[in-house]
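Report on one structure; see the data block that follows.
Predicted model, so just to flag it, every value in this text is computed and none were measured.
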Amino acid sequence: GQQETNIAEVALGKVAIERATTETVRELAKKLMADHQQVMELNRALTTKLGLPVPDQPSAEQQATGEKVKAQSGAAFDAAYVAAQVEGHTKSVSKAQQEISSGSHPEVKAFATDYAPKAQMHLQHAQAAQAALSSDTTAQGGDLARTGSGSGPLILFGAGLLSVGLVARRWGRWHQP
């Protein structure tokens, strides 16, 4: 879920800060890590308030995605990390918008409403980093931006946000007078 995604994002961000070969990727990782640490605290508070379990590690799928990115080195690591961020934040924006438009729990909708602009900003930053990597590589005769591995750690953020919304809806139905 969402909290698992925040945990995955912070963990992979730490690795990216250490292993990125470009300042562009390091700065992206720092920004995403800082923002997801903040979102993680807000999410933990909401999840606790709603009486839902608070995960303490990424999902198995997120761990596998992180391992795929970490298996890369050098420029391929940068490309894999950034590609994962673009893909994951694209899905996060979509899922947040879905929760905003069709969610029924007011606190979860409010959380999604607050998060959606951050997810959009993260997507734009990741796309800019991807374009910068692509132009750097094109100048060198390659296509670095397309060498990244598949899904990123944030792919499941949107699904997690939706899951919190669905659980909160069920919780609301169960606890209505």
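- With sequence neighbours left out, Arg19 forms a salt bridge (Lys or Arg N to Asp or Glu O under 4.0 Å) with no residue at all.
- Taking OG from Ser101 and NZ from Lys109, the interatomic distance works out to 7.5 Å, rounded to the nearest 0.5 Å.
- Taken from OH in Tyr81 to CD in Gln72, the straight-line distance is 15.0 Å, to the nearest 0.5 Å.
- Summarising the geometry of Ala16 relative to Ala29, their closest heavy-atom pair is CB-CB, 3.6 Å, with the distance given to 0.1 Å.
- Considering CG of Leu12 and NE2 of His36, their distance stands at 11.0 Å, rounded to 0.5 Å.
- The two residues Gln62 and Ala8 come nearest to each other via the heavy atoms CB-CB, 4.1 Å.
- Among all heavy-atom pairs drawn from Ala84 and Val69, the shortest one is CB-CG2, 4.3 Å.
- Residues satisfying the side-chain contact (heavy atoms from CB on, under 4.5 Å) criterion with Lys118, sequence neighbours excluded, are Gln38, Val39, Tyr115.
- Checked against salt bridge (Lys or Arg N to Asp or Glu O under 4.0 Å), Glu23 has the following partners two or more places apart in sequence or in another chain: Arg26.
- Annotation for Ala119 and His89: closest pair O-CD2, 3.9 Å, computed over non-hydrogen atoms.
- Scanning for side-chain contact (heavy atoms from CB on, under 4.5 Å) contacts around Ile7 gives Gln3, Met40, Pro58, with sequence neighbours left out.
- No donor-acceptor pair closer than 3.5 Å links the side chain of Ser134 to the backbone N or O of Gln130.
- In plain terms, the two heavy atoms of Pro53 and Thr47 that are nearest each other are O-CG2, 3.3 Å.
- The backbone N or O of Ala132 sits less than 3.5 Å from a side-chain atom of Ser135, completing a donor-acceptor pair.
- In the hydrophobic clustering of this structure, Leu46 groups with Leu52; members are Ile, Leu, Val, Met, Phe, Trp, Tyr whose side-chain heavy atoms approach within less than 4.5 Å, directly or through other members.
- Taking every heavy atom of both residues into account, Ala20 and Val25 meet most closely at CB-CG1, 3.6 Å.
- Side-chain N/O atoms of Glu87 and Thr90 include no donor and acceptor closer than 3.5 Å.
- Here Lys31 contributes atom NZ and Gln85 contributes atom CD; the two are 13.5 Å apart, rounded to the nearest 0.5 Å.
- One finds a salt bridge joining Lys49 and Glu107 here, because a Lys/Arg side-chain nitrogen approaches an Asp/Glu carboxylate oxygen to under 4.0 Å.
- How far CG of Leu42 is from CG of Asp114: 8.0 Å, rounded to the nearest 0.5 Å.
- Contacts of Lys70 classified as side chain to side chain donor-acceptor pair (under 3.5 Å), with partners at least two apart in sequence or in another chain: Glu67.
- Tracing side-chain contacts under 4.5 Å through hydrophobic residues (I, L, V, M, F, W, Y), one never reaches Ile100 starting from Val108; they form parts of separate clusters.
- Within the 4.5 Å cutoff, the side chain of Glu99 has no heavy atoms near those of the Thr113 side chain.
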Evaluation steps, side-chain contact (heavy atoms from CB on, under 4.5 Å), between Met33 and Lys14: CA-CA 7 Å; Met33 195 174 89; Lys14 288 177 183 176; 3.3 Å; yes
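- With sequence neighbours excluded, the residues that form a side-chain contact (heavy atoms from CB on, under 4.5 Å) with Glu41 are Arg44.
- One hydrophobic cluster holds both Phe77 and Leu28 under the rule that ILVMFWY side chains link at heavy-atom gaps under 4.5 Å.
- Here Thr21 pairs with Asp78 under the side chain to side chain donor-acceptor pair (under 3.5 Å) rule; sequence neighbours left out.
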Kindly determine whether Leu50 and His105 satisfy side-chain contact (heavy atoms from CB on, under 4.5 Å), including the steps that lead there. CA-CA 10 Å; Leu50 296 176; His105 193 283; 3.4 Å; yes
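- In this structure, the salt bridge (Lys or Arg N to Asp or Glu O under 4.0 Å) partners of Lys30, at least two apart in sequence or on a different chain, are Glu27.
- In this view, Gln127 satisfies the side chain to side chain donor-acceptor pair (under 3.5 Å) rule with no residue, not counting sequence neighbours.
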